[in-house]
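Here is the structure we will look at.
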There are 2 protein chains.
Amino acid sequence: MNSGKRVFHNNEDCPVRNVVAQIGDKWSLLILFALVDGPERFNALKSRIEGISQRMLTQTLRDLEREGYISRTVYPEVPVRVEYALTELGKGIVKPLYELVLWADKHQPTIERARKTYDKHKK
Amino acid sequence: MNSGKRVFHNNEDCPVRNVVAQIGDKWSLLILFALVDGPERFNALKSRIEGISQRMLTQTLRDLEREGYISRTVYPEVPVRVEYALTELGKGIVKPLYELVLWADKHQPTIERARKTYDKHKK
DNA sequence: CTGGATCCCAATTGATACTG
DNA sequence: CAGTATCAATTGGGATCCAG
């Protein structure tokens, strides 16, 4: 329907929207990739992901946990230790994400050039 | 170096950062996918991408143009017609993005379940 | 009329200070 | 250590205005 074109963009159940809503923010991808090498503690993540505030780290971790991408484990030691790790689902999404990153990395020079051309052309 | 772990997250030239900076926002993906079927005019995009404001559409189109993902062509008719289209680079990134969307679509039910479990568990 | 710029206000995000 | 609370700064939505 709709003159033969798949309309992907208008509905609540649009798969593109769902991707964007879940990981299309500034920090989710960084956090997921920060966990590929294994579980990390809160403050370890904070220092690995340069520029993130505790506020955003907490909030994004909660969101990712809610969607099922990561798990949160509290070890009741003193002082308390909280570890975040990728779930199976989280490990799963990292694969296509990694393809994307590889692509972007490969084409980075092209983009760099495009940017310069644009900036020079437009006053 | 760094105890054998690739450190991906701290630097300016981190490829993950570059991806996120370019398409990790609320609208870029939607716009790219709205153009896979062929060029579209400004207002056509605005109505296809439900919920976007002119402000954000203009701004995100400019950004995508700057990075080289889309082209902007002005046809000096009356009234003026402005068409946006994917460049070769834009068509290129859509492929890994599509993989990601397929993955997300496939695992949507799992995520849905995770969300419900989380919401029920946490008061 | 179409594409887009501007202004104002609400919503998000960020920087710290503080707490269990 | 792992957060929460608070307030400042940034960003986004929507109406309005403008050029061709």
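In the text below, chain A, chain B and the rest are named by the order of the sequence lines, each starting its count at 1.
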[X] [atom1] to [N] [atom2]: how many Å, rounded?
X	N	atom1	atom2	answer
A:Gln54	C:dA17	CD	P	10 Å
A:Asn43	D:dG3	CG	C1'	9 Å
B:Ile52	D:dT11	CD1	C1'	14 Å
A:Glu40	D:dC1	CD	P	14 Å
B:Leu57	C:dA5	CG	P	11 Å
A:Glu77	D:dC1	CD	P	13 Å
A:Arg81	D:dA2	CZ	C1'	13 Å
A:Glu50	C:dG14	CD	P	14 Å

Report the nucleotide, chosen from [options], that has the shortest atom-to-atom distance to any side-chain atom of [X].
X	options	result
B:Arg55	D:dG3, C:dG14, D:dG12	D:dG12
A:Phe42	D:dA2, C:dA5, C:dT16	D:dA2
B:Met56	D:dT4, D:dG13, C:dG4	D:dG13
B:Ser53	D:dG3, D:dG13, D:dA15	D:dG13
A:Thr58	D:dA15, D:dG3, C:dG3	D:dG3
B:Lys26	D:dG3, D:dG13, C:dG3	D:dG13
B:Pro79	C:dG14, D:dT4, D:dG20	D:dG20
B:Gln59	D:dG12, D:dC1, D:dT4	D:dG12

Query raised in the report: What's the spacing between B:Thr58 OG1 and B:Asp63 CG if we round to 0.5 Å?
Result: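 Between B:Thr58 OG1 and B:Asp63 CG, I get 11.0 Å after rounding to 0.5 Å.
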Does [N] have OP1 or OP2 under 4.0 Å away from a side-chain N or O of [X]?
X	N	value
A:Arg72	D:dG3	yes
B:Trp27	D:dT11	no
B:Tyr84	C:dG4	yes

Query raised in the report: Within the structure shown, what part of the strands sits under 4.0 Å from A:Tyr75 by heavy-atom distance: base, sugar-phosphate, or nothing?
Result: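 Nothing, no heavy atom under 4.0 Å.
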Report task. Describe the nucleic acid contact of A:Lys46 in one word from base, sugar-phosphate, nothing, applying a heavy-atom distance below 4.0 Å. Result -> nothing
Requested in this report: Indicate yes or no: at least one non-hydrogen side-chain atom of B:Tyr118 is less than 4.5 angstrom from one of A:Arg62.
Outcome: yes
Query raised in the report: Is the closest side-chain heavy-atom distance between A:Val94 and A:Lys91 below 4.5 Å?
Result: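 A:Val94 vs A:Lys91: side chains apart.
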Query raised in the report: Cluster question for you: counting only ILVMFWY and a side-chain heavy-atom cut-off of under 4.5 Å, with indirect links fine, are B:Tyr75 and B:Leu86 together?
Result: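 No: no chain of side-chain contacts under 4.5 Å links B:Tyr75 to B:Leu86.
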Query raised in the report: Is a donor on one side and an acceptor on the other found under 3.5 Å between the side chain of A:Ser47 and the backbone of A:Asn43?
Result: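 Indeed, once roles are kept as given, a pair shorter than 3.5 Å links the two residues.
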Query raised in the report: Name the one of B:Thr87, B:Leu64, B:Leu45 that satisfies side chain to side chain contact (heavy atoms under 4.5 Å, CB included) with B:Leu35?
Result: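 Exactly one pass, corresponding to B:Leu45.
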